[in-house]
Amino acid sequence: MRRGWKMALAWGLRCCRRVLSWVPVLVIVLVVLWSYYAYVFELCLVTVLSPAEKVIYLIFYHAIFVFFTWTYWKSIFTLPQQPNQKFHLSYTDKERYENEERPEVQKQMLVDMAKKLPVYTRTGSGAVRFCDRCHLIKPDRCHHCSVCAMCVLKMDHHCPWVNNCIGFSNYKFFLQFLAYSVLYCLYIATTAFSYFIKYWRGELPSVRSKFHVLFLLFVACMFFVSLVVLFGYHCWLVSRNKTTLEAFCTPVFTSGPEKNGFNLGFIRNIQQVFGDNKKFWLIPIGSSPGDGHSFPMRSMNESQNPLLANEETWEDNDDDNRDYPEGSSSLAVETET
């Protein structure tokens with residue numbers, strides 16, 4: 001009976017946590033809905049008097065708004081990609097590993113298993129990176145997220161503002177969301193500024209629209225400052241072909257730590273996220289190359305690198321035995337570690 005109560009309590013806490021995790025997303029949605037109302041109705045339809053100006057403002061606003069909401073939707077609902085079955089321990093290997101009490105023997109078992117996989121990164125101590133929760137050998141750049149309770153390919157961080165883990169499957173969408181968010185805020189601020197001045201000088205009647213226009217400009221400027229910093233930081237990461245986690249913790253390869261281990265040069269680094277076809281760079285559709293399990297490396301020659309040699313394409317990703325819970329990057333309004 002007591003055990004049943006404990007299980008019910010644990011289930012209840014998990015449900016509460018899931019519900020509460022959507023609160024930041026709900027806040028963003030409500031702010032966006034209000035900004036739509038304030039800009040379209042209170043600014044364009046009520047405050048702006050010139051019909052031509054109304055039309056121009058509304059056309060450009062809705063074009064930006066569509067891409068802004070589209071990329072936000074994709075960031076939220078594109079599920080993080082997990083390592084494929086090749087990296088999971090078989091039932092026999094799992095039993096053998098768990099029944100072995102000697103750490104050095106366990107370590108050697110993982111080394112032997114990793115020889116069959118395209119994994120080139122290690123823990124800080126040089127051991128094979130293994131997730132004891134998912135029971136898998138972590139592919140390169142894969143990490144375990146304690147919020148999502150799973151290993152995520154090329155994990156960047158867990159973001160509460162999209163209630164999702166940002167990784168290989170949706171990093172492109174997240175970057176586009178930041179870019180269109182900056183553009184959205186900038187467009188609102190620049191087009192509303194002249195009317196803010198007119199209200200401030202008393203050139204327009206002090207009606208209900210005055211509050212919406214003044215507050216709209218304030219909110220747009222506030223979000224623009226924070227978003228442009230975050231977007232700039234992620235642009236720097238893309239230019240170096242790093243994830244947020246790799247920026248805070250240098251990846252360790254079989255040859256030792258190398259902070260630029262995945263840096264392929266500026267153009268190729270961008271292509272690793274957005275793909276080779278430039279016409280897809282601004283559109284939120286999947287175009288990132290590879291399968292998220294293997295990545296080209298700076299120091300590897302063609303015979304060693306599974307992406308450059310004519311070898312089988314593998315499908316999984318990595319991290320040491322640490323969890324990456326919500327909230328670690330000091331620059332992001334998101335989470336990691």
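FYI, side chains are in, hydrogens and waters are out, and symmetry mates aren't considered; it's all heavy atoms of this structure.
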query = Counting only heavy atoms not in E101, do more than 12 fall under 6.0 Å of its CD?
reply = no
Full working for ring-ring contact (aromatic ring centres under 6.0 Å, His included) between H157 and F248 = CA-CA 11 Å; H157 66 279; F248 281 89; over 10 Å; no
ask   = If you round to the nearest 0.5 Å, how far is CG of N163 from CZ of R18?
value = 11.0 Å
request  = On the 0 to 90° scale, with breaks at 30° and 60°, tag the F65-Y61 ring pair as parallel, tilted or perpendicular.
outcome  = parallel
query = Mind checking whether N170 and F174 have side chains closer than 4.5 Å, heavy atoms only?
reply = no
request  = Using atom types as modelled and distance alone, determine if a side-chain donor or acceptor of Q81 lies under 3.5 Å from a backbone N or O of F168.
outcome  = no
message = If we check side-chain contact (heavy atoms from CB on, under 4.5 Å) with C44, which of these qualifies: I56, V55, T191, L58?
response = L58
inquiry  = Working note: F262 + F253, criterion ring-ring contact (aromatic ring centres under 6.0 Å, His included); need CA distance, chi angles, decisive distance, verdict.
reply    = CA-CA 11 Å; F262 295 105; F253 295 83; 5.2 Å; yes
Side-chain H-bond candidate by donor/acceptor type, H234 with Y171, under 3.5 Å = yes
Ring centroid separation F41 to H212 under 6.0 Å = no
request  = Decide whether T92 and S90 meet the rule of one side-chain donor and one side-chain acceptor closer than 3.5 Å.
outcome  = no
message = Can you give me the closest heavy-atom contact between C134 and M150, atom names plus distance?
response = SG-CA, 3.9 Å
query = Is a side-chain N or O of T71 found less than 3.5 angstrom from the main chain of F173, in a donor-acceptor match?
reply = no
L175-L264 co-clustered via ILVMFWY side chain contacts under 4.5 Å = no
Option among Y184, Y36, W73, Y180 that satisfies the ring-ring contact (aromatic ring centres under 6.0 Å, His included) test with F68 = Y184
